[in-house]
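I have placed the structure first, in the form of C-alpha cells, so that the comments after it can refer back to it.
Position 1 is the first residue of the sequence; numbering continues from there.
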Amino acid sequence: MSGSYGNIMNVDTTGASEATARPEGLSYAGVPASEKIAERDLKNMEKYKDMIKKVGNMKSVDPAVIAGIISRESHAGTILQGGWGDEGNAFGLMQVDKRYHKIVGSWDSEEHLAQGTGILCDMVNAIQKKFPTWTKEQQLKGGISAYNAGPMSVQTYDRIDIGTTHHDYANDVVARAKVFKRNGY
C-alpha cells in the first residue's frame with residue numbers, strides 16, 4: 001500500500017545531513033547514512049509493525065512513512081525517557097509536542113500512532129492547499145517537513161528542509177522510509 005498521499009519510493013531525497021549522521025557515529029552523510037540508521041532501528045521497530053500497518057491503513061498513509069518518522073523521532077522508542085523526548089516537550093514514538101497538541105494514549109499505543117499520523121495528514125493537506133501544483137510526492141515530502149517545522153516553514157521545494165531540525169528532516173525521513181518499505185512496511 002502506498003497510501004493516498006503518493007508513493008514514497010518515488011520521492012527524491014538527499015538523505016541525512018552531517019549534523020544528523022555524526023551523533024549516530026557515522027563519518028558519512030546522505031542517503032547511505034539514513035539507510036544505516038533505519039537498518040539499526042529495524043529490529044526495535046518490528047514490535048510496532050502490525051500497529052503501524054493498521055494505523056497506516058486506517059489513515060491512508062504508507063506505513064513506511066510512519067516508520068520513517070518513528071525512526072527519526074525516537075529510534076523506535078529506544079531513546080525516550082518514560083515515553084518523553086525533546087527535553088520533556090515531545091511524547092511517544094512519533095514525538096507529538098505537548099506545546100501544540102493535547103497528548104493522547106500511552107507513548108507506544110495505537111491511539112498515539114493515530115494521533116501522530118493524523119497530524120502528518122493535516123500537514124500534508126496544508127501543503128496540498130499551499131502548493132496545489134506540486135506532485136503528490138512533492139506534497140508528501142512537504143508534509144513530512146511540515147510535521148517537524150510547521151507548514152509555514154515550507155517555502156519552496158528545493159529548500160524544503162530549511163527550518164527543520166538539522167535542515168534535513170524530510171530528506172532523512174524519506175530515505176529511512178524507503179528502507180522500511182523494502183522491509184515490508
Side-chain angles (χ1 to χ4, degrees), residues 1-42 44-45 48-49 52-53 55-56 59-76 79 93-95 116-117 119-128 130-185:
M1 186 195 102
S2 67
S4 61
Y5 295 105
N7 184 344
I8 194 65
M9 299 308 280
N10 294 336
V11 179
D12 63 285
T13 181
T14 56
S17 67
E18 197 176 292
T20 295
R22 197 178 317 110
E24 299 288 338
L26 302 176
S27 60
Y28 52 92
V31 172
S34 295
E35 290 175 341
K36 174 57 92 177
I37 297 164
E39 287 163 7
R40 290 177 181 167
D41 287 340
L42 270 170
N44 289 313
M45 194 72 70
Y48 306 113
K49 187 174 188 176
I52 291 167
K53 290 169 96 171
V55 170
K59 300 279 188 181
S60 294
V61 172
D62 190 327
V65 174
I66 300 169
I69 290 173
I70 292 170
S71 174
R72 170 72 183 228
E73 291 288 349
S74 69
H75 286 298
I79 62 168
L93 292 169
M94 295 183 77
Q95 289 292 275
T117 304
I119 294 166
L120 174 63
C121 292
D122 291 345
M123 294 300 111
V124 176
N125 292 334
I127 296 302
Q128 288 172 340
K130 189 172 179 177
F131 300 103
T133 62
W134 284 11
T135 67
K136 276 193 172 304
E137 283 73 21
Q138 289 172 321
Q139 292 167 340
L140 174 59
K141 188 175 179 182
I144 293 168
S145 176
Y147 183 84
N148 178 254
M152 297 303 291
S153 70
V154 180
Q155 298 296 318
T156 63
Y157 189 75
D158 61 331
R159 293 169 48 89
I160 206 158
D161 272 330
I162 300 303
T164 67
T165 306
H166 299 154
H167 307 294
D168 71 345
Y169 188 88
N171 278 291
D172 183 30
V173 167
V174 167
R176 293 186 197 205
K178 290 180 181 189
V179 170
F180 291 107
K181 187 72 171 177
R182 291 190 294 267
N183 281 276
Y185 285 80

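Not a single donor-acceptor pair under 3.5 Å links the side chain of Gln95 to the backbone N or O of Ser74. Between the side chain of Lys53 and the main chain of Asp62, no donor-acceptor pair closer than 3.5 Å is present. Judged by distance alone, the side chain of Asp161 and the main-chain N or O of Asn171 form a donor-acceptor pair under 3.5 Å. Counting only distance, with no hydrogens or angles, the side chain of Glu24 and the backbone of Ala21 share no donor-acceptor pair below 3.5 Å. Judged by distance alone, the side chain of Thr164 and the main-chain N or O of Tyr169 form a donor-acceptor pair under 3.5 Å.
Here the CD1 atom belonging to Ile144 is positioned 5.5 Å from the CD1 atom belonging to Ile69, to the nearest 0.5 angstrom. Note: Asn148 CG to Leu120 CG = 11.5 Å, rounded to the nearest 0.5 Å. If you take CH2 on Trp134 and CG on Leu140, they are separated by 11.5 Å, rounding to the nearest 0.5 Å. Taking CD1 from Ile160 and OG from Ser145, the interatomic distance works out to 5.5 Å, rounded to the nearest 0.5 Å. The structure places CD1 of Ile127 at 12.0 Å from CG of Asp122, a figure rounded to the nearest 0.5 Å. Between Lys136 atom NZ and Ser4 atom OG the span is 6.0 Å, to the nearest 0.5 Å.
For Arg176 and Ser71, the side-chain atoms include at least one donor-acceptor pair closer than 3.5 Å.
Counting all heavy atoms, side chain and backbone alike, Ala146 lies closest to Met123 at O-SD, 3.6 Å. Among all heavy-atom pairs drawn from Gly15 and Ala175, the shortest one is CA-CB, 4.1 Å. Across every non-hydrogen atom of Ala16 and Ala33, the tightest pair is CB-CB, 4.2 Å.
Contact of the Lys130 side chain with the Gln155 side chain is registered, since non-hydrogen atoms from C-beta on lie closer than 4.5 Å. The side-chain heavy atoms of Ile66 and Met94, taken from C-beta on, include a pair separated by under 4.5 Å. Using a 4.5 Å heavy-atom cutoff, the side chains of Val61 and Cys121 are in contact. By the 4.5 Å heavy-atom criterion applied to side chains, Ile162 and Ser153 are not counted as neighbours. Here the side chains of Ile70 and Tyr48 are not in contact, with every heavy-atom distance at 4.5 Å or above. When side chains are defined from C-beta on, Asn125 counts as touching Gln128, because their heavy atoms get closer than 4.5 Å. The closest side-chain heavy-atom distance from Ile52 to Met45 is below 4.5 Å. Inter-residue side-chain proximity for His75 and Asn44 is flagged as unmet; no heavy-atom pair is nearer than 4.5 Å.
When the options Thr13, Thr20, Thr14 are evaluated for a side chain to side chain donor-acceptor pair (under 3.5 Å) with Asp168, the one that passes is Thr20. Applying side chain to side chain contact (heavy atoms under 4.5 Å, CB included) to Lys141 and the options Val11, Val173, Val154 leaves one that passes, Val11.
Residues meeting the side chain to side chain donor-acceptor pair (under 3.5 Å) test with Tyr157, sequence neighbours left out: Asp12. Not counting sequence neighbours, the partners of Phe180 by the ring pair (Phe, Tyr, Trp, His ring centres under 6.0 Å) test are Tyr185.
The pair Arg182-Glu39 does not count as a salt bridge, with every side-chain nitrogen at least 4.0 angstrom from each carboxylate oxygen.
Contacts classified as ring-ring contact (aromatic ring centres under 6.0 Å, His included) and involving residues 11-40 (residues at least two apart or in different chains) are not found.
Dense packing is recorded around NZ of Lys178, with more than 12 heavy atoms of other residues, nucleotides or ligands lying under 6.0 Å away.
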Stepwise side-chain contact (heavy atoms from CB on, under 4.5 Å) check, Arg72 with Thr165
CA-CA 10 Å; Arg72 170 72 183 228; Thr165 306; 3.7 Å; yes
